[in-house]
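Quick notes on the structure that follows.
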There are 2 protein chains.
Amino acid sequence: MKASDKAYAELRRDIVSWALPPGTVLGEVEQAERLGVSRTPLREALSRLTADGLAVAHRGRGVLVSDVSLDHVDDLFALRRALESEAARGAALAGRPGPFRELAERFDAASEALEPTSDRNDYYQLAGELDQAIDESAANPYLRQALTGLRVHLARLRRLSHDDPQRLRASAREHAQLARAIASGDPGLAAAATVLHLHNSLDHIRSHALPKEATA
Amino acid sequence: MKASDKAYAELRRDIVSWALPPGTVLGEVEQAERLGVSRTPLREALSRLTADGLAVAHRGRGVLVSDVSLDHVDDLFALRRALESEAARGAALAGRPGPFRELAERFDAASEALEPTSDRNDYYQLAGELDQAIDESAANPYLRQALTGLRVHLARLRRLSHDDPQRLRASAREHAQLARAIASGDPGLAAAATVLHLHNSLDHIRSHALPKEATA
DNA sequence: GCCACGTTTTATGTATACAAAAAGCTTGAG
DNA sequence: CTCAAGCTTTTTGTATACATAAAACGTGGC
């Protein structure tokens, strides 16, 4: 693996996981030493992070890890609604119901199995599988790229809201319905299920927000 | 201006204007000499171009100017419809009818003034002003960034289709209607006007396509 | 005591030298 | 004549040295 790829992957992981919280200064020499690479590949990594919107250049002061706060959540979800509705439409039109029927059943199982003690990461992974299946069926590289860029921001946003098992169960039911809508081949229904799910999701985030902790 | 910014701006301009047609190999040393900068800033420029989708890395063979063909036009317009509908909705909800009423009148004038001899660039600039006004009123930085990235590809696509004055006049009328829909403050109407315009635009591109010339 | 200016320090921006990997070509054998 | 293996050439990837600009700090004047 190239050193620049390694630096990019590691920095990105640290940013998404909040190991490098918003506002952190990413000095070139400092990070180059930490990651064991030279400044040249690290610069390229920072360039890519900036293009992703995970970092912002701050003239004379290096690049900072970009801010994430609930102030942006409405804008983020407006874009998400536009993109994911389109993707769901495309997936429904693709006419490949098999994988979605299967995913719907797995979401059904998840909605009943979810306990307060269970690991939410399992659920996030299942949701990720549905996203991936939609992307593949929609088969639109431009849309896919836009969604990929968006999902990075959404992953960072998770840290800002409590997620209780009750909401996760409801979310699983909504996902199951979305999967079935796609399997049915009805693009309008698939888009509607998407819009509904995103509305509920945003609603939950707003009403269960953590006290402000990121102000960089 | 930084050398890397200069290299990026120049390369991007050349790619969009087809001075560097799809498939062109962008060798680092070659382009660095042509643009009068060193390899380091040029590399950064190529990195950004790749992130924009204007170039694709080709392992061992340098980066190539990315392909543009009518094969992608459907995907591109699907994304465009999703994004611009959302932007039009946002602009309508912003409740700032003034600029859009003015733009509508300018489009009215343009639809009558357009002669076979007139410069189409004037019209494209006017359309660009509407896009900008929509972006500003929608006031969603994430959406705006996605649209900016998309419009680069659309600008390159223009070269693939004849545009006759008749279609330009019709397009002007559609733009005028869109502007009025936004001015009226009705988000559903604004989205509908957008969808209709994009449908007609795509329809025209497909039926007036130039013979295949880009296959890289 | 406070403000402004200059110096110092530390950061990024650039260039170049070197290393490594990959593609294409040549050459040899089958 | 064809295929493959090895070499050559060209390309990218990395490191480091140097230039430059900005920011922080100290110092001097007011």
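Side chains included, hydrogens not; waters and symmetry mates left out as well; all remaining heavy atoms used. Because the structure is predicted, anything quoted here is derived from the model rather than measured. First the proteins, then the strands, lettered A, B, ... as listed; each starts at 1.
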Whole angstrom is fine here: how far is it from [atom1] in [X] over to [atom2] in [N]?
X	N	atom1	atom2	value
B:Arg43	C:dT16	CZ	P	16 Å
A:Leu26	C:dA11	CG	C1'	14 Å
A:Leu64	C:dA11	CG	C1'	13 Å
A:Lys2	D:dT11	NZ	C1'	12 Å
B:Glu44	C:dA15	CD	P	12 Å
A:His58	C:dA11	NE2	C1'	14 Å
B:Glu33	C:dA15	CD	C1'	14 Å
B:Leu35	C:dA15	CG	P	12 Å

With no hydrogens and no angle check, do the side chains of B:Arg156 and B:Ser66 hold a donor and an acceptor under 3.5 Å apart?
yes
Just checking, any donor-acceptor pair under 3.5 angstrom between side chains of A:Asp164 and A:His204?
yes
Beyond-backbone contact of A:Leu126 with A:Leu103, side-chain heavy atoms, under 4.5 angstrom
yes
Is any side-chain heavy atom of B:Tyr142 closer than 4.5 Å to one of A:Leu150?
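When only atoms from C-beta onward are counted, B:Tyr142 and A:Leu150 do not touch, as no gap falls below 4.5 Å.
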Mapping A:Ala3 and A:Arg39 onto DNA chain D by nearest heavy atom, which one lands closer to the 5' end?
A:Ala3
Hey, which of these two, B:Glu28 or B:Thr40, hits DNA chain D nearer its 5' end, going by closest nucleotide?
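Upstream on the strand: B:Glu28.
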Does a nitrogen or oxygen in the side chain of B:Ser4 sit under 4.0 Å from OP1 or OP2 of C:dT14?
yes
OP1 or OP2 of C:dA22 versus the side-chain N and O atoms of B:Arg61: is any pair under 4.0 Å?
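Answer no for this pair, as no side-chain N or O of B:Arg61 is under 4.0 Å from OP1 or OP2.
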